[in-house]
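Remarks on the structure that follows.
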Amino acid sequence: MSAIKKVEKSNWLTNEEKQIIRKQFFPANASDIEMKYCMSVAEKFNLNPILKQIFFVPRKAKVNNQWIEKIEPLAGRDSFLTLAHRSGKFNGIETIAEIKPSAKFLNGEWEEKNDLVAISKVYRKDMDRPIVVEVAYSEYVQKTNKGDITKFWKEKPETMLKKVAES
């Protein structure tokens, strides 16, 4: 078994693919250590950036009371679906979105307000019942530094919220 794993790892990506990833999928300011870290995470989970199974994105972090930007791996819905299929236990997913009352804590009190809610049911072959998740738009909508809704969340709110629920 270990010989098979070694072969898989050595064939994970060709040198040409690694060069393409370095040039096309990392921000220009990525350091060699950040790229090595991100690629090791991608390799560990056998996720290919060329196939958009994993992304490498800048993130701000506070280190020693100073904000710095660093490049980190980001797994998205398609990453999780790839891994779920590989597990052999994945048995499908159903996701819907609807407007429904959702509890909100406003001005120190709980109120029911209508919200766009995505409901995802994930089925596994080894479970009798699905795993069910509900997520509300108001809790997950992405905004810019100025507080404006980002382009994708403005143009495709249902699609974006379904992706959150499925993740």
Query raised in the report: With the 4.5 Å side-chain cut-off for hydrophobic clustering, are V164 and V132 part of the same group?
Result: no
Requested in this report: Inspect the contact between D126 and R124 and indicate whether a charged nitrogen and a carboxylate oxygen are less than 4.0 angstrom apart.
Outcome: yes
Query raised in the report: Quick one: side chain to side chain contact (heavy atoms under 4.5 Å, CB included) partners of R86, sequence neighbours excluded?
Result: N46, L47, Q53, T82, L83
Report summary line: Taking every heavy atom of L81 against every heavy atom of F90, the minimum-distance pair comes out as CD2-CZ, 4.0 Å
Query raised in the report: Hey, does the side chain of E17 reach the backbone of T14 with a donor-acceptor pair shorter than 3.5 angstrom?
Result: yes
Requested in this report: Check the side chains of S31 and E34 for a donor-acceptor pair under 3.5 angstrom, ignoring hydrogens and angles.
Outcome: yes
**Report entry** Gap between atom CG of N91 and atom NZ of K125 - 0.5 Å precision
**Finding:** 6.0 Å
Report task. Starting from the C-alpha separation in whole Å, work towards a yes-or-no answer on side chain to side chain contact (heavy atoms under 4.5 Å, CB included) for H85 and F80. Result -> CA-CA 9 Å; H85 280 285; F80 302 132; over 6 Å; no
Report task. Establish whether F45 and I50 are linked, either directly or via other cluster members, by ILVMFWY side-chain heavy-atom contacts under 4.5 Å. Result -> yes
Report task. Identify the heavy atoms of L13 and K18 that sit nearest to each other, and give their distance. Result -> O-CE, 3.7 Å
**Report entry** Cluster overlap V117 with Y140, hydrophobic side-chain contacts below 4.5 Å
**Finding:** no
Report task. For Q66, enumerate each residue passing the side chain to side chain contact (heavy atoms under 4.5 Å, CB included) test, keeping only those at least two apart in sequence or located in another chain. Result -> none
Requested in this report: Keeping to residues at least two apart or across chains, list the salt bridge (Lys or Arg N to Asp or Glu O under 4.0 Å) pairs with something in residues 56-83.
Outcome: K70-E72, R77-E166
**Report entry** For V141 against W153, the heavy-atom pair lying closest together
**Finding:** CA-CE3, 3.7 Å
Query - Side-chain touch E94/V122, heavy atoms, less than 4.5 angstrom - result: no
Query - Which atom of I54 lies closest to which atom of P73, heavy atoms considered - result: CD1-CB, 4.0 Å
**Report entry** CA sep, side-chain torsions, deciding dist, call: I21, M35, side chain to side chain contact (heavy atoms under 4.5 Å, CB included)
**Finding:** CA-CA 10 Å; I21 291 165; M35 287 191 263; over 6 Å; no
Query raised in the report: So, does S40 use its side chain to make a donor-acceptor pair with the main chain of Y37 at under 3.5 Å?
Result: yes
Requested in this report: Return the set of residues passing side chain to side chain donor-acceptor pair (under 3.5 Å) with K162 (not counting sequence neighbours), or none when no residue passes.
Outcome: E158
Query raised in the report: Should V133 and L161 be regarded as members of a common hydrophobic cluster, given that ILVMFWY residues are connected when their side-chain heavy atoms come within less than 4.5 Å of each other, either directly or indirectly?
Result: yes
**Report entry** 4.5 Å side-chain heavy-atom contact, N107 and E109
**Finding:** no
Query raised in the report: Just by modelled atom types, is the S138 backbone N or O under 3.5 Å from a matching donor or acceptor in the D115 side chain?
Result: yes
Query raised in the report: Please walk me through it: do T150 and T144 pass side chain to side chain contact (heavy atoms under 4.5 Å, CB included)?
Result: CA-CA 6 Å; T150 60; T144 66; 4.1 Å; yes
Query raised in the report: Of all heavy-atom pairs between E98 and I96, which one has the smallest distance, and what is that distance?
Result: OE1-CD1, 3.7 Å
Query raised in the report: What do you reckon, is OH of Y123 surrounded by more than 12 foreign heavy atoms closer than 6.0 Å?
Result: yes
Query raised in the report: Does CD1 in I68 sit with more than 12 non-hydrogen atoms of other residues, nucleotides or ligands closer than 6.0 Å?
Result: yes
Query - Ring center gap for F56 and F25 short of 6.0 angstrom - result: no
Requested in this report: State, yes or no, whether a side-chain contact exists between K100 and E134 at a heavy-atom distance under 4.5 Å.
Outcome: yes
Report summary line: Distance col, row E43:CD vs K36:NZ, nearest 0.5 angstrom, shows 11.0 Å
Requested in this report: Using the test side chain to side chain contact (heavy atoms under 4.5 Å, CB included), find all partners of K154 that sit at least two apart in sequence or belong to another chain.
Outcome: I149
Query - Where P101 and N114 come nearest, the two heavy atoms and their spacing - result: N-OD1, 3.6 Å
Report task. Let me see the working for S102 and K104 under side-chain hydrogen bond (donor to acceptor under 3.5 Å, both in side chains), right down to the final yes or no. Result -> CA-CA 6 Å; S102 184; K104 306 290 175 214; 3.2 Å; yes
Report summary line: Taken in chain and number order and not counting sequence neighbours, the residues that satisfy side chain to side chain contact (heavy atoms under 4.5 Å, CB included) with P157 are L116, Y137
**Report entry** Over 12 non-hydrogen atoms of neighbours within 6.0 angstrom of CZ in F55
**Finding:** yes
Query raised in the report: What distance separates M160 CE from Q142 CD, expressed to the nearest 0.5 Å?
Result: 7.5 Å
